[in-house]
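A quick write-up on the structure given underneath.
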Amino acid sequence: MDHNKRTALLTAIDLGNLTRAAEQLGYTQSGLSYIIKSVEAEFGFPLLIRSRSGVRPTADCMRILPLLRDLHHKSQMLEQEVADIRGLAVGTVSVGVFPCISRFWIPGILRNFTARYPGITLSIRESGQEDLDLWLREGSVDLLLYSRQPNYNHQWIQFVQDDLCAVVPEGHPLTWAKEISLDQLTGEPFIMEDDAHDHDIPRLLKDSGFRPNVCWSSKDELAILNMVREGLGVSVLPGLYLKEDHPGVVVLPLVPRAYRQLGAAMVSLEDLSPAARRFLDSAKTTMGVK
């Protein structure tokens with residue numbers, strides 16, 4: 001199984017869709033299907049389950065998937081180390097990110113990184129906390145830009161400390177306050193960010209002993225802000241989203257102060273490929289991290 005076939009199979013598995021995988025790799029869908037069928041013929045058993053909703057690995061494929069990922073990673077490492085010795089900056093980097101980081105950080109990081117390293121291909125994958133951690137553990141991304149969690153053992157480089165704040169609609173009785181405690185939200189209709197998408201706010205509420213009167217939930221922070229604006233309830237959200245102007249919504253700092261740590265996570269800093277190390281260094285420089 002050569003490098004191109006392995007890349008085609010892993011891309012199809014990671015994206016769960018042959019059409020999107022073909023577009024990303026520059027193949028036609030029929031061309032990608034042919035490559036995967038040739039790998040299945042080479043191995044002697046089916047690798048993908050195909051359905052109208054997309055593709056997913058078979059049980060036999062899941063059995064060998066960690067070995068395929070490890071082989072793919074080591075192959076990329078060898079190619080990039082050889083290129084690095086020759087003074088060339090090439091390779092592929094896959095980065096998992098929160099949607100908010102994709103919105104507020106990634107444009108600037110991409111501008112600086114691509115200007116300096118045009119020979120390195122960068123893939124950005126967005127999702128919430130649970131998906132991102134799974135992608136890093138299984139090796140489908142090189143590193144993450146997201147929120148640090150206390151129960152994970154990834155290597156960590158902190159970029160910023162992001163405040164968590166209460167948000168209430170304009171005209172709410174609490175808008176007179178300069179800051180509020182969670183207890184002041186007791187009994188208020190509460191709009192909760194989905195736990196699988198974000199662990200920071202549910203953990204804050206649990207650790208503080210506050211039991212919100214949850215009436216609505218969403219994994220989209222902007223949808224939550226719009227619901228607050230319409231008077232459907234109050235919420236607690238990350239400060240990264242609240243630095244923009246949101247008419248109809250009042251942001252109130254919490255006492256005691258609450259925050260989350262945003263930065264980069266990886267299985268091992270030492271095992272990052274040369275291309276991934278360059279991306280990490282460039283992202284740190286863009287974000288002003290020493």
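Side-chain contact check for Val39 versus Arg6: every heavy-atom pair is 4.5 Å or farther apart. Residues Gln155 and Leu272 have side chains not in contact (no heavy-atom distance under 4.5 Å, counting atoms from C-beta outward). Contact annotation: the side chain of Ile36 approaches that of Arg50 to within less than 4.5 Å [non-hydrogen atoms, C-beta and beyond]. A heavy-atom distance below 4.5 Å is found between the side chains of Ser38 and Lys5. Taking the side chain as every heavy atom from C-beta outward, Leu145 and Phe98 never approach each other to under 4.5 Å. Residues Trp135 and Asp14 fail the side-chain proximity criterion, which asks for heavy atoms closer than 4.5 Å. With a 4.5 Å cut-off on side-chain heavy atoms, Leu32 and Thr11 do not count as touching. Under the 4.5 Å side-chain criterion, counting only non-hydrogen atoms from C-beta, Thr286 is not in contact with Phe113.
Both Leu122 and Leu144 are assigned to one and the same hydrophobic cluster, defined by single-linkage of ILVMFWY side chains at heavy-atom distances under 4.5 Å. Ile180 and Leu182 fall within the same hydrophobic cluster, where Ile, Leu, Val, Met, Phe, Trp and Tyr residues are linked whenever their side-chain heavy atoms come under 4.5 Å apart, directly or through other members. A continuous path of hydrophobic side-chain contacts links Phe159 to Phe104 [ILVMFWY only; heavy atoms under 4.5 Å]. Linking ILVMFWY residues whenever their side-chain heavy atoms come closer than 4.5 Å, directly or via other members, leaves Met192 and Leu242 in distinct clusters. Grouping the Ile, Leu, Val, Met, Phe, Trp and Tyr side chains by contacts below 4.5 angstrom, directly or via other members, places Leu237 apart from Leu252.
Between Tyr146 and Trp156, the angle of the ring planes lies from 30° to 60°, which puts this pair in the tilted group.
If you take CG on Leu68 and CG on Leu10, they are separated by 6.0 Å, rounding to the nearest 0.5 Å.
Put simply, the side chain of His246 never gets that close to the backbone of Arg229: no donor and acceptor are under 3.5 Å apart. The backbone N or O of Pro253 lies less than 3.5 Å from no partner atom in the side chain of Glu179, so there is not a single donor-acceptor pair. Although no hydrogens or angles enter the test, the distance criterion places no donor-acceptor pair under 3.5 Å between the side chain of Ser282 and the main chain of Arg278. Asn213 places no side-chain N or O within 3.5 Å of a backbone atom of Phe190 that could act as its donor or acceptor partner. The backbone N or O of Ala21 lies less than 3.5 Å from no partner atom in the side chain of Gln24, so there is not a single donor-acceptor pair.
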Could you give me the CA-CA distance, side-chain angles and deciding distance for Arg260 and Glu193, then say whether salt bridge (Lys or Arg N to Asp or Glu O under 4.0 Å) is met? CA-CA 15 Å; Arg260 63 177 180 172; Glu193 188 162 11; over 6 Å; no
Met227 vs Ser235, test: side-chain contact (heavy atoms from CB on, under 4.5 Å). Steps then yes/no. CA-CA 9 Å; Met227 286 190 273; Ser235 190; over 6 Å; no
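No more than 12 heavy atoms of other residues, nucleotides or ligands lie within 6.0 Å of OH in Tyr259, so this atom counts as exposed by the packing criterion. Around CG of Asn153, the count of heavy atoms belonging to other residues, nucleotides or ligands within 6.0 Å does not exceed 12. Counting heavy atoms of neighbouring residues, nucleotides and ligands inside a 6.0 Å radius, atom OH of Tyr34 does not exceed 12 of them.
Closest non-hydrogen pair, Arg257 versus Asp163, comes out as NE-OD1, 2.8 Å.
The existence of a salt bridge linking Asp281 and Arg277 is excluded, since no basic side-chain nitrogen approaches an acidic carboxylate oxygen closer than 4.0 Å.
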Please output the side-chain donor-acceptor pairs of residues 164-173 that fall under 3.5 Å, not counting sequence neighbours, one pair per line with the distance.
residue: His172; atom: ND1; partner: Leu174; partner atom: N; Å: 3.0
residue: His172; atom: NE2; partner: Glu188; partner atom: OE1; Å: 3.2
residue: His172; atom: NE2; partner: Glu188; partner atom: OE2; Å: 3.1

Mind listing the side-chain donor-acceptor pairs of residues 217-225 below 3.5 Å, one per line with the distance, residues two or more places apart or on another chain?
residue: Ser218; atom: OG; partner: Asp220; partner atom: N; Å: 3.0
residue: Asp220; atom: OD1; partner: Leu222; partner atom: N; Å: 2.9
residue: Asp220; atom: OD1; partner: Ala223; partner atom: N; Å: 3.3

